[in-house]
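Notes follow the structure.
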Number of protein chains: 2
Amino acid sequence: MQKPSIPKGTRDFPPVEMAKRNYIFNTIREVYHLYGFQQIETPAMENLSTLMGKYGEEGDKLLFKILNSGDCLAGISDEELLERNPAKFAPKVCEKGLRYDLTVPFARYVVQHRNEINFPFKRYQIQLVWRADRPQKGRYREFYQCDGDVVGSDSLINEVELIQIMDEVFHRLGIRVSIRMNNRKILSGIAEIIGEAERIVDITIAIDKLDKIGLEKVNEELRSKGLSEKAIEQLQPIILLSGTNAEKVEKLHTVLAGSAIGLKGVEELSFILDRLPYISLRADLELDLTLARGLNYYTGAIFEVKALDVQIGSITGGGRYDNLTGVFGMEGVSGVGISFGADRIYDVLNQLDLYPTDALLTTQVLFVNFGEKEESWLLPHIARLRANGIRTELYPEAVKMKKQMSYADAKKIPYVAIAGENEIAQNKINLKNMITGEQILVTIEDLLSGKYFSC
Amino acid sequence: MQKPSIPKGTRDFPPVEMAKRNYIFNTIREVYHLYGFQQIETPAMENLSTLMGKYGEEGDKLLFKILNSGDCLAGISDEELLERNPAKFAPKVCEKGLRYDLTVPFARYVVQHRNEINFPFKRYQIQLVWRADRPQKGRYREFYQCDGDVVGSDSLINEVELIQIMDEVFHRLGIRVSIRMNNRKILSGIAEIIGEAERIVDITIAIDKLDKIGLEKVNEELRSKGLSEKAIEQLQPIILLSGTNAEKVEKLHTVLAGSAIGLKGVEELSFILDRLPYISLRADLELDLTLARGLNYYTGAIFEVKALDVQIGSITGGGRYDNLTGVFGMEGVSGVGISFGADRIYDVLNQLDLYPTDALLTTQVLFVNFGEKEESWLLPHIARLRANGIRTELYPEAVKMKKQMSYADAKKIPYVAIAGENEIAQNKINLKNMITGEQILVTIEDLLSGKYFSC
């Protein structure tokens, strides 16, 4: 007999974990709706032609491919079979693959449905993605992404609203965060000014270490990467950039005076910073030049959110990209989006113990089962409780009280209702608080009012 | 340039379809919670060893299998490759497959987590399943199932509660339904009495045609299937069974007097029918001996729900099974469950136009964008509207009014708010009702109160 198990890197979600995850998703969902974002879903399987070549050579290998049904070997010759080259073999026997992220399917969706879409299109999507990565702590082969994007609008007010959305979501979840922001055009401007366009990644990595290793060591690292003394000298005001966002913007104006693209980046940043007085964020929004995520992908604003009270990587990120759909033949569609990292947010909430008890949506009251006679007396009352929105269970069998109590305990049901012969004679219920152990005799009407149940 | 498309038999869900589907799922979810059911999720991929052999030979072919990552051909010899036998080839290059239903993964879950589960375990699960069926109208290769089961309890009160759940869900959705019920043990009893245990399927199919073809033709069909004249004679009271549930039960008592299992089935049915006076169902619950779904699977009660106002197959079904987990080595776990057919419920709601407008969760008010000055004036007001739970958008660009109005129209936003120079000077907003065309000048406070917005 096989011992049942699941594929490595995948997870079952038992009730409590599931309720916690739904709490996160529902919070994100509600905030997206407040801002006019609409949910879509795309199929788990996409044609491999949609997915291949979009994530680099390594990404192609990490796609889960689905064996063609029917005669899967029809399209491959004996010679090709015996060659045993997985990279050549797979596309011959597989036409479909599992979604690797939500961005490429969304780009495909926008192009395919371009004539039905009401632009600017504010969509969000909360779906699973699959990657044949080596599983390790915190990295799974199946996980959810929660993306929100606005496509078909260049307006920077979209960036402002996405910042508000991130701020609101983490406020509602009770997670203290800082939001860091940068702009790809500023990084391009810096590279342009110092004449080292190819070394922009090395530069941001080095600058990022200033707090840890100090200015001298940063400059040493830049030197070791091959930057000229002149370039390093020009970089000094950027490395040492500090102060308020306004002060940083002012300095950048000076430093980037010779770069059109750099100044455009400063202007975009300023637009966003200028709106802050009107939107009262709870989180700090900090201009951070070392932020360079997805450098090849983003073309304007770049965002990243970090939790203040837990040591963990970024829990949300995003930015503006200028050519989402070009690869599918639709040019000139600009977009800006964010992606909430559900697994990390889950870990943060767990570590800080921030789940509200009512998020678990557990049963509010369990009725003890004493047998058929009591059961029949209870059924209409239980139906009325449920009609009043109170999550109610009747233990399905008249087993020992202790077993029924353990069931309530294990399910963290806060109240147990006892209606034996005595109580029924009085038309009352004995309500036991499972936390304090306190018992009170209550009328059915009192119970129906819901006043004993917190949520 | 490739024209983007999705695999046949799969679907994109654009915003409106998605909102409608969420309305169905949320309704089901809420009712399950009222009855103490908890949600779980299992991975999309299961080990093929978990799935194979569980759905018959045909089912094995309909499983989507996932090509092993890395060197997928490592486990297969040249001879086996050149044999080109898909049925032998697939298991050598695929270890995993996509979930085909929710039942087998749930059985696997119960066995794998038996020591953590709090029995009786009331779980529900709303997840996608995939089948490599030939796609046709109303049949997809990817679709949702919504299953609810109670495992680890033999009590028939579970059947009663599942009937209440079905009744409540369709009441909330506004779909008038009839619930039909049968019991596998009664069918076994009938077969036992007439000595034709193997022909139970033929018998139920023939009986089912009574209304359409009349008694004589039914008997002819039974004869043509090889039933003896004696058996057909014994079947007459069952074929002609009519009247109220109570009358049917009474007759069955007589007819099945010689079959222990048959009488057990009648007893189980009676238990459920006897509880009806206590639970005030809205739907009719009808005892129907022709109901025989999943004959090899169910061992007790069988349920089926049909919509009264739309011609479509059953929209929900279920029953009791006595050995869910035996195939994974855990014997004696009885369960009873139902499965809502989300796609068909969706079709019914569409045909009857039963979606409440607030289910679509669209934006409640769109603010026209007149440019940066007006935008900045609006931002704090919009933030307050959202803080008050009003789904609010600001059109992101100061384009022509007509374009902004079309956007609101296409998104079915009921109100457009206009705040140009004049309105701002008065500290007021011009609110246009997009259905009536009516415009009124309102204060910010009035707008914030939400009194203009239905939901």
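Numbered from 1 within each chain, the chains take letters A, B, ... in sequence-line order. Note that this is a predicted model, so its numbers are computed, not measured.
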Using a cut-off of under 4.5 Å for heavy-atom pairs, which of Ala410(B), Ser376(B), Pro380(B) has the most such pairs with chain A? Ser376(B)
With side chains defined as the heavy atoms from C-beta onward, is the minimum distance between Glu41(B) and Asp12(A) less than 4.5 Å? no
Of Lys61(A), Glu372(A), Gln164(A), the largest count of non-hydrogen pairs under 4.5 angstrom with chain B goes to Glu372(A)
Contact part of Trp377(A) toward chain B, heavy-atom cut-off under 4.5 Å: side chain, backbone, both or neither? neither
Return yes if some donor-acceptor pair links the side-chain N/O of Glu397(A) with the main-chain N/O of Asp154(B) below 3.5 Å, else return no. yes
Between Glu168(A) and Arg386(B), is a salt bridge (Lys or Arg N to Asp or Glu O under 4.0 Å) present by the stated rule, with each step listed? CA-CA 10 Å; Glu168(A) 179 69 21; Arg386(B) 288 171 177 153; over 6 Å; no
Count the heavy-atom pairs under 4.5 Å between each of Pro86(A), Ala19(A), Ala387(A) and chain B, then report the option with the highest count. Pro86(A)
Distance (rounded to the nearest 0.5 Å) between Ser69(A) OG and Arg134(B) CZ: 10.0 Å
Interface check, chain A: of Asp71(B), Ile413(B), Thr392(B), Thr10(B), most non-hydrogen pairs under 4.5 Å belong to Thr392(B)
Looking at Glu46(B), Arg141(B), Lys403(B), which one has more heavy-atom pairs under 4.5 Å with chain A than the rest? Glu46(B)
As an exercise, state the distance from NE2 of His381(A) to OH of Tyr278(B), rounded to the nearest 0.5 Å. 11.5 Å
Which atoms of Phe119(A) are under 4.5 Å from chain B, going by heavy atoms: the side chain, the backbone, both sets, or neither? backbone
List, one per line, each side-chain donor-acceptor pair under 3.5 Å for residues 90-97 of chain B, sequence neighbours excluded.
unit_1: Lys92(B); atom_1: NZ; unit_2: Glu80(B); atom_2: OE2; d: 2.9

What are the two closest non-hydrogen atoms of Ser5(B) and Thr50(A), and how far apart are they? O-OG1, 4.0 Å
State, with a plain yes or no, whether a side-chain heavy atom of Ile6(B) is found less than 4.5 Å away from one of Gln112(A). yes
In this structure, CG of Asp78(B) is separated from CG of Leu82(A) (nearest 0.5 Å) by 5.0 Å
Among Val31(A), Ile76(A), Val16(A), Leu156(A), which residue has the highest count of heavy-atom pairs closer than 4.5 Å to chain B? Ile76(A)
Pick from Ala74(B), Gly389(B), Ala383(B), Ala44(B) with the largest number of heavy-atom pairs that fall under 4.5 Å of chain A: Ala44(B)
As a quick check of understanding, evaluate side chain to side chain contact (heavy atoms under 4.5 Å, CB included) for Ile66(A) and Leu98(B), giving each step before the final call. CA-CA 9 Å; Ile66(A) 293 159; Leu98(B) 293 179; 4.2 Å; yes
Minimum heavy-atom distance between Leu73(B) and Leu81(A), given as atom pair plus value: CD1-O, 4.4 Å
Main chain of Pro396(B), side chain of Asn158(A): is a donor-acceptor contact present, judged purely on distance under 3.5 Å? no
Counting only non-hydrogen atoms closer than 4.5 Å, does Asn22(A) touch chain B with its backbone (N, CA, C, O), its side chain (CB onward), both, or neither? side chain
Just how far is it from atom CD1 of Ile382(A) to atom CD1 of Ile279(B), taken to the nearest 0.5 Å? 11.5 Å
Identify which part of Arg384(A) has an atom lying under 4.5 Å from any heavy atom of chain B, answering side chain, backbone, both or neither. neither
Can you tell me how far CE of Met45(B) sits from CZ of Phe64(A), rounded to the nearest 0.5 angstrom? 4.0 Å
What pair of heavy atoms forms the shortest contact from Pro120(A) to Tyr407(B), and how long is it? O-CE1, 3.2 Å
Interface moiety of His113(B) toward chain A, non-hydrogen atoms closer than 4.5 Å: side chain
Using every non-hydrogen atom in the two residues, find where Pro4(B) and Val111(A) come nearest and quote the distance to one decimal. CG-CG1, 3.5 Å
What residue in Thr363(B), Ile117(B), Ile157(B) has the most heavy-atom pairs under 4.5 Å with chain A? Ile157(B)
Ser406(B) and Asn118(A) have their tightest heavy-atom pair at O-OD1, 4.4 Å
So which of Lys122(B), Gln39(B), Arg11(B) has the biggest tally of heavy-atom pairs under 4.5 Å with chain A? Gln39(B)
Please answer whether the main-chain N or O of Gly36(B) pairs with a side-chain N or O of Lys411(A) as donor and acceptor at a distance below 3.5 Å. yes
For the residue pair Ser155(B) and Tyr395(A), establish whether any side-chain heavy-atom pair is separated by less than 4.5 Å. no
Mind checking whether Glu161(B) and Glu393(A) have side chains closer than 4.5 Å, heavy atoms only? no
Glu375(A), part contacting chain B, at a heavy-atom distance under 4.5 Å: side chain
Heavy-atom contact with chain A under 4.5 Å, split by part of Tyr35(B): both
State the CG-CZ distance between Leu361(A) and Arg29(B), to the nearest 0.5 angstrom. 10.0 Å
If you count heavy-atom pairs within less than 4.5 Å of chain B, which of Lys65(A), Glu116(A), Arg123(A) leads? Lys65(A)
